[in-house]
Every structure is written in structure tokens, then in C-alpha cells.
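Notes follow once the structure below has been shown.
Labels below follow one simple rule: chain letters A, B, ... track the order of the sequence lines, proteins then strands, and each chain is numbered from 1. For the numbers below, each heavy atom of this structure counts, side chains included, while hydrogens, waters and symmetry mates do not. What you are looking at is a predicted structure, and each value in this text was computed from that prediction instead of being measured.
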Amino acid sequence: MAPSDSDESAFSDASERGVNDDKRVIVQTTFDAYFALSAAKASTSSNIFSSLIQPLSAEEYAESNILDPPGTKPLRSSILVEPARSTLFSRWLCELAEGFNLLCYGFGSKRQLLNDFASQRCSKLGHVVVVNGFQPDLTVKDMFNAIENIPGISALSLSSTTAEGQARRIYDFFSQPARKRRHLYLIIHNIDAFFVRTPKVKACLSLLALHPSIHVVASIDHLNSPLLWSSSEACARKDQATADGKTPLRGYAWLWHDLTTLAPYDFELSFADRTSITGALTSRKQRADVATVGAAISETAAKHVLAAVNDRAQKLFNLMGQRQLAAIDVGDPNVDGLREFSVPYDVLFPLARENFLAVNDTAMRALLGEFRDHGLVLSAQASGGEVLWIPLRKERLSNVLKSLNIS
Amino acid sequence: MSIPLEDIQQTVIYIPYQGDEDSEEETTEPSQTLTLIHPEDDLDNGPLLRFDAYRAAWTQCLDRVKSIIAELYSPVATDIVLHLSTAHTDILPGLPFPELPVITITDVSGSSVFLDHLTTRIDAEAGTMVTHLYPHDCVNLALGMKALISGFVDRIDDAPKRKPATSLAAYDINVLQAWFDTFAGNSDLSDFSFLFEPRPNLVVLLHDFEQFDTSVIQDMLYICSLQVSTLPLTFLLSLAAPSPASYLQASFSRSTLTLIRPYHFAVPSGPEVLNTIIIKTFFDKEYHVHLLPGPTLLEYLEDYYLTRNTSLDSLITILQIAHLKHFTTDVFTVLSITTPQISATPTPTELAFLESLLIRLHAEQSAKDASSQWLARARSPDILLQAVDAEREKFWHSVSMTKLGITIMNVMLTSLRGTSSAAVQKGLDRWRGAAGLRRVLDKEKDGVDGLADVLRKLSPAECDMLSEKIEPYSENLPEEFRPTNPNIHLSDRLEHLLRDLLEPPEKLTSLWTVWYTGFTPFPSEMLNPALRTSIISGLSFPQSFTGQDLPPSADDEDILEDLPDTSILFKGYLKAGKMINVYDWFDHFRTVLESQRARVIRTSSLTKGKGKAKAKGKGKAKKVDDDVDMDGGDSEEKWKLSVQARFIRALHELDYLGFIKHTSRGGGGRKGEFVLKTVLGIVE
């Protein structure tokens, strides 16, 4: 389906209606907006992104020059510029020393700034552990094992090998009255990530966070992350004196800081699946429906598959590919989705028979089966029966076909 | 050693201490911490001195607040401790089966201050042991019982090691029973017998009781009640529900409720606690603090405490932040407690400090009035600093009068509470509590005007009672505040007296900012942040965070093209309805990028075409534009890919921030081609 002029209208209509609503209601709250929009008929168009636009392969995403596109000026938040930056760091150190933990929010990746704070300032004062909360492989054990790198902790006896036992041992280590310990600075990027949301991790963290010698600096990005902590947890205070045998308090003692850096989230999102619009929060490993939505296949992968099949199958692929290329050449240049250039099975089979590639339907399906299993050929049911296409862009497809060396 | 901070595969990175290895003493170096944003007038060691002043002022304030809290809480804590000690001896005779004593503690604030106070008291009691259970310990019965038992058993390190093969399971209550019998019943083990004099008590404290799974608790109560005749267990439940009895009724079945014998205790909370703490800390005539809160801070405190979070933790935090802010924003707070020594030959920084101090001291005086004083102070730092000492003394002397006024006011308000008519009560309400203090201290808001009108409605008997109560205070008044004409009606006399006493602190001296927070706003976003607003304005108006002025061209389209990708996509988000079609969104995004690209080509060709005639340049620009477009499929294909990549990247960023909810790819009609907005109704 070709995009029409009405595509834009969905946006302009909605915006005009929004303006009119604003005039009628003096101050429109979110609730008003919700009900107003729920009452109105949803005015979206019936365009389908995944059929019109071919998904990017990971290589294509990496190749496209997006980090510094021409014509855009990268914005730099004023807090990243000296002297505001060092003033901010000094203020943080002061607040940490006064028994608070810091929670940074605002738009933009805060990773770089917090890492600078950790390596330039905190490491001069004590031990630092940086936790990458956005890493999908992170476990709470990783965090405690890293903290146990601090000399002396592992010499203490461990009551149980669970995370709680480790947390308890770390707590006890810093509570030892023997001599003054160097403090621990715990920098947690994205404390709102999945790993910290479980009650068990929260319990361990809330124990450590209220220790007077352990300081937590954390960042959050999600809109709803303040809901992670109850108000009593969030405002619990550190008791500066931890007497031996006294019941430890639990909580976080947060102080909030607006840290709008405007920096891109590329590092945090490096585990995102760029081939899918829903890929921001799921890593590629976890996605099971790749084959059904038609993920793009890379050129090398296609060549590997083709190298492993017999001559006939190669010829069939060549036949399909040439047809698809011809269809793309005469087709609408605005359409990107390759399904639009698919070939019906009922057209392909007679062609294959003419070229002595398959004599009957069973042989034909056997040839196609190998390609389908590897995602090199995709199929769907259309009104005129089954259609087939190759999920490779024009120039990539022609490269693959050239490499086949079939005249 | 290189630190792999940029390694994407690292989940956790440890950075070892990199400071001076020899220094035995750790802790944060405070000297750099109170750095000002504009430190032009600061002394060389100003930050250090101000930090010391902050420490002294805050420690004093905190100690006072803590002692008041302890005073408020100790009656309830004493009751609970007393009750704990008699819970297993003072049993009703004739019960069909022994009941498990359960004590509920209602603390509406939900903060840990009371529990901390209570456990300190219980720990000090001989013969009582407390185990703390948290909701995450009791996700199921086995874990819950194990946590309960090990909480007691693991206390004594010398206990014989359990052998898993021959011992009872760790969650078996008989483990606790055996442990208890061994140590409590065996007087030979003199090491531990002190714990159990005269009758041992085992207390289980359940934090945040509402968050526990009731079915688990039900079973635990049943198991413990079976052993209660031989095992003196008592449950302490910490609740935030205002009515614990009805909470227990609603959550547990009758069969469970028959097993327990509940006692209910309530922790003092509410506006009364706040008022007591504020008045006794800052406006007690007997107690001297170094910083007086102004109307803005008092208003914020009351508002936050009453409407947002009734916790004493946050009350203390607000006071601490106010102190911290006070000592970081004003250079002259270094003079708060003591005056630093400055030699007769000051260094350039000291000179700058003295100069601005001199200007501040004479800010409100005309040159004529103060010329002789000014000259004397300008000549010698000593005279100037002596003047500061005098100002400090003057300020606190006047404040002691303010405190006296507030004390009289409070005596009046408490003595009239409940005795006089509703109209009088209503009239007096505006001066009650922290809000009243704010009104009193703020002359812009009428101060005590209208008090006389309210008091005139009192009956003669009430007037007599009131004057009797106030009498002892009026006797101590300095001469200038004594009423000149004793025949005036009590109401007018009181209003006059209070108005004279309650002189706003900002009128007392030109250096008032050193000891009084006045009208400086409290940085409320540190405790109660506007997270959504911040993220949305970061996306909508990123330029305003760069600290640079916006370019003069105010065309909407131009601004849109200047924005980063995510902001462009977010503009489309704002314009859409409840649901967004991903393709339409992409198309909108692509259009903006196309015009952005066209502009780049135009400007670059314009710069290239400089030196030639202007008209020609323009023509050429169009040609170049066409050239690029006709450059062949390759670059066009690359451009298309990069647009798509930028779209996906921006979309993922918005998704990461939580702006998008995906529709189901499964059975639903939307098949994931639409996304739902999570933020609605933002007016641009």
C-alpha cells in the first residue's frame, strides 16, 4: 500500500483539535486529556510500518551515519561546562558527606558525568564501585563481588552465601570500629532498571544505602521511577553513629538532583534491538518472534546459506531475486517494504518448472524450505494465495545475486 | 591501572582508592565542599570556616530536635517496654488456651524514627531480645519461620554448630524451642544467663506490617501460638494504618484472631508534633540556635509535613538542607557564630571581603547619617569586625524579645483553647501552629493585626483568667515594653505588646541575612522533584538547558529543524492523539529531516557561492540541491537508511524514558503497528 497525502492529516487534525480543546478548557489536566481523547474516535491512519518499511539489520544501523548527522548542532547542557561542573561535584561531595544519597533525573544520558564524578572525585576519597544498571546481564551478585574487591572484606566470615549474607558482611565490614575505614562510593547507573526492582535487591540496597560510610549516587531515566520507593524509604535518614549490635536502619535518604545533560542514550541502548520498534527494552537474545516479523538478514548470512544449498536451489533463489529486482525498479520509489515486491507462489512455480528447477509442488516446497528455515525467503498469505519475497534491500540483493555467478 | 568504564561488556566496575595511601585518616575533605557559585568576596579559607559554622549550627539544631522527639516519644515507648515485660506474666486467668501477645504500633508518619527510638529502649532492657522481620523476608512460610528463628538463634556465636543431617529443619519452631530451653533453662551457662533475668522475652518486630502476605503471617501466628506456653514470644507490629484494630479484623480470619491478644499503641503525630518541635527548637527562650527560620521556610515545612509526608525524617532533612543552603549562598554566614581574625594589614582577598562587608553594613543608611562611623570602620578592620560583633549581639537580643512574644502568644492560645466561644477560636486559628508563626513574623501579612478584635469577644471571666496566665511573663518585660497606660482593655494591651515584641528580624540589623533565612525560597525540588516536567521540558526546549540564548529567528519550523532527533520525534508525539501510528510518525519525522537536509545543502552552497553575485548564488543553490538529489541511487539509499536509523534511535530513546506503550503483536487488532502514549495533555 502506498502512503497517501492523508498521512500527514492524522497529525494536523489531532493538533488542531488539541488547540480547540485548549481554548474551551481553561487548564487542561492529564485526566481531561485522557477522557477527551478516549471519547474521540482515534484518528490514526491504516498505514502499516512493518509492511511499508523494511526493518534495518544491525549492520545497516551501525553503518548509517547517525551519530553526527549533517545539519544538526549537538546541544551541550550548561551543567557539563566548567566551572558549573566542578561546583556541582563539590556540592555533591558535601551532600554525600552530610549523610544523603543522590538521585539524578532529567533528560539525557547521565552516565558520562557520573563516571567522571566517580573517577575524578570519589576515587580520591575512597573505594568506588560503578554499577551499570542498564546491562541486561547484571545480577546483584556481580555488584557484591565487585564490592568485595575492597581489601579486608573477604577476610570476614560469611554467614550465608546468599546476596543478603554478602550485603550483611559488607555492612559489618564498614561498621567495624577497629579503625576508620575509607568510605565506599556506589555509583549506580539506571537504578530504575529491572535488576533493582526486585524486592530482594531493594532489601540489600536499602541496608547498604543507609550506612554512614557508604554513599550512593544513582541515576534514573524512566518517567515513573519515583514509584519505586515509598515515601518513608525515600526520606529515611542515616544515623551517623552505628553502634555495634544496633539494629541497622533501612531506606535510601535520597536527595534529588535535576541533571538534564541532553546527551544521547547510545551507550545505555547498546543492548537494544535496533531492528525492531519495540526493541528498546528487550535484548536481541530474548526476542523469539524475529522470523515472523521478517527481520532483515545480512549479506554475509545470505551468502553462507546459499553456499550450503544445491545448484537448483541457488538457481531458484536467483530467479526470485531477479524478479524482485525488476519489480523494485518499476515500483513506487517511496515504498520501502519488500513485501510489496513479492512474487505469488502460483507465478513462481510455473517459472521454476520452465527452468527445470522443480518438477512438482513437493520438490518446489523442498527447495524453498531451506531458505525459509534460515529466514532468507519470507512468505505470507495474500488475497491471491501465498506470496514470497526475499528480505534483502535492492543493492544488497543484487550483490548477493552477483556473487552467485549464475548467468 | 586503566579502568574499563567504557567497556560495554562490564556490568560492575571497581575503582580502587587512588588517594594518598599513607594518610590514615579518611573522610571527606570538607574544605572544598562549600564552594560558592560566585566566590569573588570570599575569604581564602572561607569555605572551611563556613563549613565549621554550618556544622556547629546544624549539630546544635539537630541535637535539640532529637531531644524534643525523644521527649515526645518516650511516654509511648515506656508504655510499650513495660507492656513487653509483663506480657507473659500478666495473663488473664481461666483462658481456654494461651494467647499470643501482639502489640500494634500505629505510626502514621511511617518513618523509622520511632522504631529506632523504641528498639534502642528495648535493647537496653535486660532479658529481651528483638528480631526484625521485613516484608521481603517472609515471601513464604518456610522463609519467614527461618528468618524468625535464625534471628534469635544466630545471635549467640558460641552456640554449637548445627549438623544438617541430624538436626531439625531450619524453619522448625522446635529449633527455637530447643535453643531456648538450653540457654534459658540452664543456669550453668552464666555467660548468657544475664540475658534472661528474671523471665526471658523474645520479641519479633514486623516492619511495614501492611506489606506482609497475610496468609503467611496467619500461619506463623498459628505455629507460634502452639508454643507460646513454653516459648515467650511477643509480636510487635508496626503499622501505618490509623486504626490497627480494624485492619487486623479486615485482614485475618476469626480463627487467627482468637489466637492473639492484641494491644494497640499510637505514636504521637500530626500538626501538634510539628508545632512542638518548631517552637521548642527555634522559639524557646531558654535555648539558643544559630539560625532562625523565616516565613518561607516555615510555610514550606508546614505544607510539606501536613500535605505530603508526615514524617519526622523529612522534617529533619528539610531543616538540614535549609542550613546547608544558608551557609553556601551567603559569604557573610562565616560571621554567624564567631568573627574571624583579620590582621591590620589584610591580604587582597580579605580586603575585598571587608569592603563588601562595609557596604553591607551601611546598605540602608544614607552617607550623611553614617559618615563618621563609616570612616572609622573603613579605616580599621578591627573596628569593622567589632561592629559585626555588636550587630550579632543586637540581633539575638532582639530575637529574644521575639521569642518572648511568641511564648506569650502561645500561652494565650493554649489557655484559650477549648474554653472560649467558637467565634474566638476561629479568629485565633490564624495564629496557631507553624502557619501562625509565619504570619506573626511576616509584617507584610498583617502580623498580629486584628488580635484585639478577636479578644474583645472574650467574657470578663476569660479575660481575668488570661491576664493571670500572662502576668508572670509581663513582669519580666524590659522597661520599654511595659504598658504605659494600665487602664487600656486587655485585648488592646496584648496586641500592642505583641506588636512591639514581634519586630520582624529583617528590620533588626542590616546583617540579618546571616542569622535569619527570611524570605529565601526553599529548594523543594531536592525532596519533591518535578521529574516529568523536567524530562518533558528537556525534550521540548533543549536549548534552554544549554545556557545560550535562542537564535533570533523565531520561526517555528526553523526551531523544529534545529532540534535534536529525539526532540523532533517528541514534537510529533505531542501533536498526536491517544495512539500513534508508527508509520505516520516516521513520515512526519522524515519530512522534518528532509527539510533539515535541504537547508544544509542550501547554506553550504551559499557559502561556496560567496563572492559571486547574490542572485546567481541562489540559482546555483537550487542546482546543487538537484544535483545531490540526482546523485544516483547510492547516496539516496544511504540517506534513507540513515533517516530510518535516526528514527529508530529516537524512538528507542523515548521508549527508554517510558513515553511509549507498545500494542500487542499478538491477537489484538493493532499488531504492534501503533503505540500508545503514556503522557497526555501537555500544552506546548
Which one of Leu539(B), Thr119(B), Ile660(B) has the most heavy-atom pairs closer than 4.5 Å to chain A?
Leu539(B)

Considering residues at least two apart in sequence or located in another chain, which fulfil the side-chain contact (heavy atoms from CB on, under 4.5 Å) criterion with Ser150(B)?
Asp154(B)

From Ile648(B) CD1 over to Leu269(A) CG, what is the distance, rounded to the nearest 0.5 angstrom?
11.5 Å

Whatever's closer than 4.5 Å to a heavy atom in chain A on Ile321(B) counts as side chain

So which heavy atom on Leu125(A) is nearest to which on Tyr17(B), and how close?
C-CE1, 3.6 Å

Glu98(A) and Tyr54(B): side chain to side chain contact (heavy atoms under 4.5 Å, CB included), yes or no, with the steps?
CA-CA 11 Å; Glu98(A) 283 307 298; Tyr54(B) 155 77; 2.7 Å; yes

Begin with the C-alpha distance, continue with both residues' side-chain angles, and end with the deciding distance and a verdict on side chain to side chain contact (heavy atoms under 4.5 Å, CB included) for Tyr105(A) and Ser534(B).
CA-CA 8 Å; Tyr105(A) 61 94; Ser534(B) 162; 3.7 Å; yes

From CA spacing to verdict: side chain to side chain contact (heavy atoms under 4.5 Å, CB included), His222(A), Leu657(B)
CA-CA 4 Å; His222(A) 198 276; Leu657(B) 295 171; over 6 Å; no

For Ala118(A) versus Ile15(B), what's the shortest heavy-atom pair and its separation?
CB-CD1, 4.4 Å

His652(B) vs Glu268(A), test: side chain to side chain contact (heavy atoms under 4.5 Å, CB included). Steps then yes/no.
CA-CA 11 Å; His652(B) 282 177; Glu268(A) 283 90 336; over 6 Å; no

Taking all heavy atoms of Asp313(B) and all of Cys235(A), pick out the closest pair and write down the distance.
CB-O, 3.2 Å

Here the gap from Phe107(A) atom CZ to Ile536(B) atom CD1, rounded to the nearest 0.5 Å, amounts to 12.0 Å

Between Thr261(A) and Phe545(B), is there a side-chain heavy-atom distance shorter than 4.5 Å?
no

Ala650(B) portion near chain A, given a 4.5 angstrom heavy-atom threshold:
neither

Output the distance between atom OG (Ser524(B)) and atom CH2 (Trp256(A)), rounded to the nearest 0.5 Å.
13.5 Å

Applying a strict 4.5 Å limit to non-hydrogen atoms, the region of Pro83(A) in contact with chain B is neither

Side-chain touch Val12(B)/Asn132(A), heavy atoms, less than 4.5 angstrom
no

A side-chain contact here means heavy atoms from C-beta on lying under 4.5 Å apart; do Arg649(B) and Asp266(A) qualify?
yes

Just give me the residue among Thr139(A), Leu103(A), Asn149(A) that pairs up with chain B most often, heavy atom to heavy atom, under 4.5 Å.
Asn149(A)

Shortest non-hydrogen separation from Tyr14(B) to Val129(A) and the atoms involved
CD1-CG2, 3.7 Å

Taking side-chain hydrogen bond (donor to acceptor under 3.5 Å, both in side chains) as the definition, give me every residue that meets it alongside Asn224(A), ordered by chain and number, with sequence neighbours left out.
Arg532(B)

Heavy-atom contact with chain B under 4.5 Å, split by part of His257(A):
side chain

Heavy-atom distance under 4.5 Å to chain B: side chain of Phe100(A), backbone, both or neither?
side chain

In this structure, CG of Leu527(B) is separated from OG of Ser231(A) (nearest 0.5 Å) by 11.5 Å

Keeping Glu653(B) on the side-chain end and Tyr265(A) on the backbone end, is there a donor-acceptor pair under 3.5 Å?
yes

Applying a strict 4.5 Å limit to non-hydrogen atoms, the region of Ser119(A) in contact with chain B is both

Can you confirm whether Ser77(A) sits close enough to Thr546(B) that some side-chain heavy atom of one is under 4.5 Å from a side-chain heavy atom of the other?
no

Heavy-atom pair count under 4.5 Å with chain B, highest-scoring of Thr198(A), Asn190(A), Val81(A):
Asn190(A)

Checked Arg76(A), Lys200(A), Gln135(A) vs chain B; the most non-hydrogen pairs under 4.5 Å come from Gln135(A)

When heavy-atom pairs shorter than 4.5 Å are enumerated against chain B, which of Gly126(A), Pro199(A), Pro264(A), Ala146(A) gives the highest number?
Gly126(A)

Against chain A, label Arg308(B) side chain, backbone, both or neither, depending on which of its atoms sit under 4.5 Å from a heavy atom there.
neither

Taking the side chain as everything from C-beta on, heavy atoms only, tell me whether Asp137(B) gets closer than 4.5 Å to Glu164(A).
yes

Any chance you could measure Phe659(B), atom CZ, to Leu223(A), atom CG, to the nearest 0.5 Å?
4.5 Å

Residue pair Arg237(A) / Ser314(B), side-chain heavy-atom distance below 4.5 Å:
no

If you count heavy-atom pairs within less than 4.5 Å of chain A, which of Ile535(B), Leu593(B), Val130(B) leads?
Ile535(B)

Chain B contact via Ile150(A) - which portion, at a heavy-atom distance below 4.5 Å:
both

Specify which of Gln320(B), His132(B), Glu525(B), Lys677(B) makes the most heavy-atom pairs with chain A at under 4.5 Å.
Gln320(B)

Asp258(A) side, atom CG; Ser537(B) side, atom OG - distance, nearest 0.5 Å:
7.5 Å

Would you say that Ile13(B) contacts Ile187(A) through its side chain, given a criterion of any heavy-atom pair below 4.5 Å between the two side chains?
no

Under 4.5 Å heavy-atom distance to chain B, tell me which part of Leu138(A) shows up: side chain, backbone, both or neither.
both

Give the member of Pro529(B), Gly538(B), Gly658(B) that has the highest number of heavy-atom pairs under 4.5 Å with chain A.
Pro529(B)

Side chain to side chain donor-acceptor pair (under 3.5 Å) between Thr11(B) and Asp142(A): does it pass, once the steps are laid out?
CA-CA 7 Å; Thr11(B) 52; Asp142(A) 291 347; 3.2 Å; yes

Under 4.5 Å from a heavy atom of chain A, the part of Tyr134(B) involved:
side chain

State, yes or no, whether a side-chain contact exists between Glu95(A) and Met526(B) at a heavy-atom distance under 4.5 Å.
yes

